[in-house]
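The next block holds one structure in the form of structure tokens; read it before the comments.
Because the structure is predicted, anything quoted here is derived from the model rather than measured. Side chains included, hydrogens not; waters and symmetry mates left out as well; all remaining heavy atoms used.
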Amino acid sequence: MSFNVDERGYYGNYGGAYIPEMLYPNVEELRFRYLDIIAEPSFQAEFHALLTDYVGRPTPLFKAERLSAKYKTNIYLKREDLCHTGAHKVNNTIGQILVAKRLGKSKIVAETGAGQHGVASATAAALMGLDCVVYMGEEDTRRQSLNVARMKLLGAQVVPVTTGSRTLKDAINEAMRDWVTNVADTHYMLGTVAGPHPFPTMVRDFHKIIGEESREQMLELTGRLPDAVLACVGGGSNAIGIFNAFIPDTQVRLIGLE
């Protein structure tokens, strides 16, 4: 398996875009224009200015002294919880909202599970003055009512999804349906490492700041890279943020929840 994506969105034998015909124009527009957009100096300048001045980057790398003493090692925590909105998700939504603006879109649709990506999407849309619709499984809206309230406070419309298991995968399906029928003015702000190319690549590119900062901070603090990097995995956006910065120099262990 390759760690570098080719022009068709493949990492070796994996990847690509397996999509219904009706989605093809939407995905192709993103594929053809995305790399040109992020290569623009004006895009990179605006993106990194917002990461610094709005998101609050770089986030600290904190040595957990008591945890380190307990396990007789040195444990450092990358404090992504200190980002604006309380999670790493905002790195991606800031990047994608800037892409959406350059594509001439006026509306954002997004999916969310626990609600962090929904809050980050609503935040980015409010910042740029775009309409925002967030699809969230009905089951998740009950479990994460506080995040639902935050999204609404930011001006987003939250749509409970009542089909299937009424959780994240069904929210993704509904967001895709919305995007298909409103392609002219709408950008789908996918928040996880899923879906057709170029979405996984976009999520990686906007979250790689986590790994780049972590690597630089570890070298500055300790003069060496860590023996291992641990990352939690839900949809994968946090893990992919650190992945490329440490592979192959450091063992990366991914911790997932079923």
Mind checking what makes side chain to side chain contact (heavy atoms under 4.5 Å, CB included) contact with Leu154, not counting sequence neighbours?
-> Val119, Ala122, Thr123

Answer yes or no: is there a side-chain heavy-atom contact under 4.5 Å between Glu111 and Val161?
-> no

Considering only distance and modelled atom types, tabulate donor-acceptor pairs under 3.5 Å from the side chains of residues 126-138, sequence neighbours left out.
from   : atom 1 : to     : atom 2 : distance (Å)
Tyr135 : OH     : Asp178 : OD2    : 2.6
Glu138 : OE1    : Arg166 : NH1    : 3.1

Can Ile37 be reached from Val183 by stepping across I, L, V, M, F, W or Y side chains whose heavy atoms are under 4.5 Å apart?
-> no

Which atom of Asn147 lies closest to which atom of Ala114, heavy atoms considered = ND2-O, 3.0 Å

Could you tell me which non-hydrogen atom of Ile97 sits nearest to which non-hydrogen atom of Ala124, and how far apart they are?
-> CG1-O, 3.7 Å

Is there a donor-acceptor contact under 3.5 Å from the side chain of Glu212 to the main chain of Ala245?
-> no

Spatial distance of atom CZ (Arg57) from atom NE2 (His48) [nearest 0.5 Å] = 10.5 Å

Under 3.5 Å side-chain donor-acceptor pair for Tyr188 and Asn26 | no

Measuring from Asn238:CG to Glu80:CD, what's the distance to the nearest 0.5 Å?
-> 7.0 Å

Do Ile108 and His187 touch side chain to side chain, with heavy atoms closer than 4.5 Å?
-> yes

Kindly indicate whether the side chain of Leu225, heavy atoms from C-beta on, has any atom under 4.5 Å from the side chain of Leu219.
-> yes

Do Asp140 and Arg143 meet the salt-bridge criterion of a basic N to acidic O distance under 4.0 Å?
-> yes

Derivation of the side-chain contact (heavy atoms from CB on, under 4.5 Å) call for Glu174 and Val159 | CA-CA 9 Å; Glu174 290 303 315; Val159 180; over 6 Å; no

With Ala110, which residues qualify under side chain to side chain contact (heavy atoms under 4.5 Å, CB included), at least two apart?
-> His117, Ser121, Met189

Is it true that a side-chain atom of Asn91 and a backbone atom of His207 form a donor plus acceptor pair closer than 3.5 Å?
-> no

For Glu29, look at atom CD and say whether over 12 heavy atoms of other residues, nucleotides or ligands are found less than 6.0 Å away.
-> yes

What pairs of residues pass the side chain to side chain donor-acceptor pair (under 3.5 Å) test when at least one of them lies in residues 65-74, not counting sequence neighbours?
-> Lys63-Asn74

Roughly how far apart are Tyr76 OH and Thr222 OG1, rounded to 0.5 Å?
-> 6.0 Å

Which atoms form the tightest heavy-atom contact between Ala239 and Val233, and what is the distance?
-> CB-CG2, 3.8 Å

Would Arg102 and Glu46 pass as an ion pair if we require N to O under 4.0 Å?
-> yes

Please check if the side chain of Gln217 supplies one atom and the backbone of Thr59 the other of a donor-acceptor pair under 3.5 Å.
-> yes

Cut-off 3.5 Å, side chains only: do Thr167 and Glu139 have a donor facing an acceptor?
-> no

Can you hop from Leu23 to Leu103 via hydrophobic side chains spaced under 4.5 Å?
-> yes

Linking I/L/V/M/F/W/Y whenever any side-chain heavy atoms sit under 4.5 Å apart, do Leu153 and Val148 land together?
-> no

Between CD1 of Ile172 and CE of Met176, what distance do you get to the nearest 0.5 Å?
-> 7.5 Å

Quick one: side chain to side chain contact (heavy atoms under 4.5 Å, CB included) partners of His197, sequence neighbours excluded?
-> Val5, Arg31, Thr201

Same apolar cluster: Met218 and Leu77, side chain cutoff 4.5 Å = no

Please walk me through it: do Ile38 and Phe47 pass side-chain contact (heavy atoms from CB on, under 4.5 Å)?
-> CA-CA 9 Å; Ile38 66 165; Phe47 177 53; over 6 Å; no

Taking the side chain as every heavy atom from C-beta outward, state whether Thr93 and Phe206 have any pair of such atoms under 4.5 Å apart.
-> no

Could you check if a side-chain atom of Val203 sits within less than 4.5 angstrom of a side-chain atom of Thr192, using non-hydrogen atoms only?
-> no

Single-linkage hydrophobic cluster Tyr24~Val180, side-chain heavy atoms < 4.5 angstrom = yes

Validation row: Gln96, Phe199 side chains within 4.5 angstrom (heavy atoms) | yes

Look only at the side chain of Gln44 and the backbone of Ala39, and say whether a donor-acceptor pair between them is shorter than 3.5 Å.
-> no

What distance separates Phe62 CZ from Lys78 NZ, expressed to the nearest 0.5 Å?
-> 13.5 Å

Side chains of Thr112 and Val158: does their closest heavy-atom pair fall under 4.5 Å?
-> no

Does any non-hydrogen side-chain atom of Phe246 lie less than 4.5 Å from one of Pro226?
-> yes

Kindly compute the distance separating CG (Leu190) from CG (Leu30), expressed to the nearest 0.5 Å.
-> 10.5 Å

With Pro200 via side chain to side chain contact (heavy atoms under 4.5 Å, CB included) - residues at least two apart | Val193

